[in-house]
Amino acid sequence: MDDITRVLEGLGGIAPRLETLYKDLHAHPELSFAETRTAGIVADGLKQLGFTVTEGVGRTGVVGVLSNGEGPRVLLRADFDALPMEERTGLPYASTAAGVMHACGHDMHVTCLLGALELLAGARDAWSGTVVAVFQPAEELGEGARAMVEDGLFETVGVPDVVLGQHVAPVPAGVIGCRPGPAMAGGDTLHVRMFGRGGHGSRPETTVDPVVMAASTVMRLQTVVSREIAGSETAVVTVGAINAGTKDNIIPDEAELKLNVRSFTPEVRTTVLDAIARIVRAEAAASGADREPEIEPIASFPVLVNDAAAVDRTLGALRAQFGDAAVIDPGVVTGSEDVGYLASASGAPLCFWFFGGIDPAVFGAAAQAGTLAKDVPSNHSPLFAPVVGPTVDAGVRAMTAAALAWLGAGGPATG
Ligand code: ZN
Ligand code: ZN
């Protein structure tokens, strides 16, 4: 019997408990940086498995380390925050917290990682090295990974040789999606304040009008992607909010813009952010503003870049587990994830993959009827509801197989 088979032997035995755990987590979602109940459950679980546990890393994050002789240090990551929205699945284990829902499936990530850790901890003769489990808060804000790193994550758990993570997705359970290189968009939120000089609406010559300044800025920002980004690249610049003034005959003192930026390479991101700053300042100067505008970065998700060699090695193990046909390249995803920060901050390569969470029968029927979008709610939908059994099974097997692809070999089989 090979190492992976030996480790996965335990899955059938723990599956019912994992299903119960998933339903409990799903019923008790917690918002970003408020995941205290979840963190407590995770910490207790890790301690029972023999991990050395540190709590409160990056406010509510939890990390566990299990050393098992010489060998690579493999970081396995799950995020655990929920979203501020009302669940409408009608499931018997639906959210019991008003206005909070595990609509991104992070409860599934926690369940599958704890399952994989239990299997690894229970078969220590089948591998060698160090397993580092990172349970990350506040992914939805794009702040949790950074908060953990800045709170000394790598001083606590050591610098990993690889960072592995997974996300449940609205494709059939048993399907794995992963691609090398840029895989998910970088996202930036900027708040811009532009300062004019207010006065009476009848005497514009005595003022610097921030409404005109902001309007001109919004139009000029439309040229960033169309004129400064190559046709072969892509980016999005959206001004989602513009606020100024109170009354028709008062020229206000200032205007506020809220911008969202998406990009897929660090170079394009830098070009876009630099262009925005240049245009905002230049439009203020063109209007004759006395005061420089303020550009405040509110949130930033890095571009998720999968290391090509790490993807190769990991997908080799996942293909062996799920079959060649079930492992697909999903293309570049426009959503954002901050797991890449754990890799860039430590210098370790990253492999992050998607695993299906939809009942294959339901998915097949919807695809056949051509009603996929309507019948299969995706992440962040109030109807998002992964099918528990096969999804937990696939997520645990994927995380375990991926970890073993990086850990050292075990001793001789005893059974
Ligand atoms: Zn999400
Ligand atoms: Zn998510």
### Task
Check whether any side-chain heavy atom of V339 sits under 4.5 Å from a side-chain heavy atom of L350, and report yes or no.
yes
### Task
Run the numbers on E337 and R77 for salt bridge (charged side-chain N to carboxylate O under 4.0 Å, His left out), then give the verdict.
CA-CA 12 Å; E337 243 291 345; R77 177 268 204 178; 3.0 Å; yes
### Query
Is the backbone of L91 close enough, under 3.5 Å, to the side chain of T89 for a donor and an acceptor to pair up by distance?
yes
### Query
If you measure from the Lys or Arg side-chain nitrogens to the Asp or Glu carboxylate oxygens, is any gap between D2 and R6 under 4.0 Å?
no
### Task
Answer yes or no: is there an ion pair linking R197 with D253, defined by an N-O contact shorter than 4.0 Å?
no
### Query
With no hydrogens and no angle check, is any side-chain donor or acceptor of D79 less than 3.5 Å from a backbone partner on P137?
no
### Salt-bridge present (R37, D24; N to O < 4.0 Å)
yes
### Query
Hey, do the aromatic rings of H26 and Y22 have their centres closer than 6.0 Å?
yes
### Summary
Those residues at least two apart in sequence (or on a different chain) that pass side chain to side chain contact (heavy atoms under 4.5 Å, CB included) with S232 are A230
### Message
Do the side chains of E118 and R17 get close enough for a salt bridge, i.e. N-O under 4.0 angstrom?
### Response
yes
### Query
Ring centroid separation for H106 and H167, is it under 6.0 angstrom?
yes
### Query
Does the D161 side chain pair with the main chain of R73, one donor and one acceptor, at a distance under 3.5 Å?
yes
### Message
Please determine whether side chain to side chain contact (heavy atoms under 4.5 Å, CB included) holds for the pair L407 and V131, giving the CA-CA distance in whole Å, both sets of side-chain angles, and the decisive distance to 0.1 Å.
### Response
CA-CA 8 Å; L407 290 163; V131 171; 3.8 Å; yes
### Non-hydrogen side-chain atoms of T234 and I229 separated by less than 4.5 Å
no
### Message
Any carboxylate oxygen within less than 4.0 angstrom of a Lys/Arg side-chain nitrogen, looking at R59 and E143?
### Response
no
### Positive for side-chain hydrogen bond (donor to acceptor under 3.5 Å, both in side chains) with T60, one of E30, E35, E55
E35
### Task
Measure the shortest side-chain to side-chain distance between F264 and R269 over non-hydrogen atoms and say whether it is less than 4.5 angstrom.
no
### R313, CZ atom: more than 12 neighbouring heavy atoms under 6.0 Å
yes
### Query
Between E256 and R193, is the closest basic N to carboxylate O distance under 4.0 Å?
no
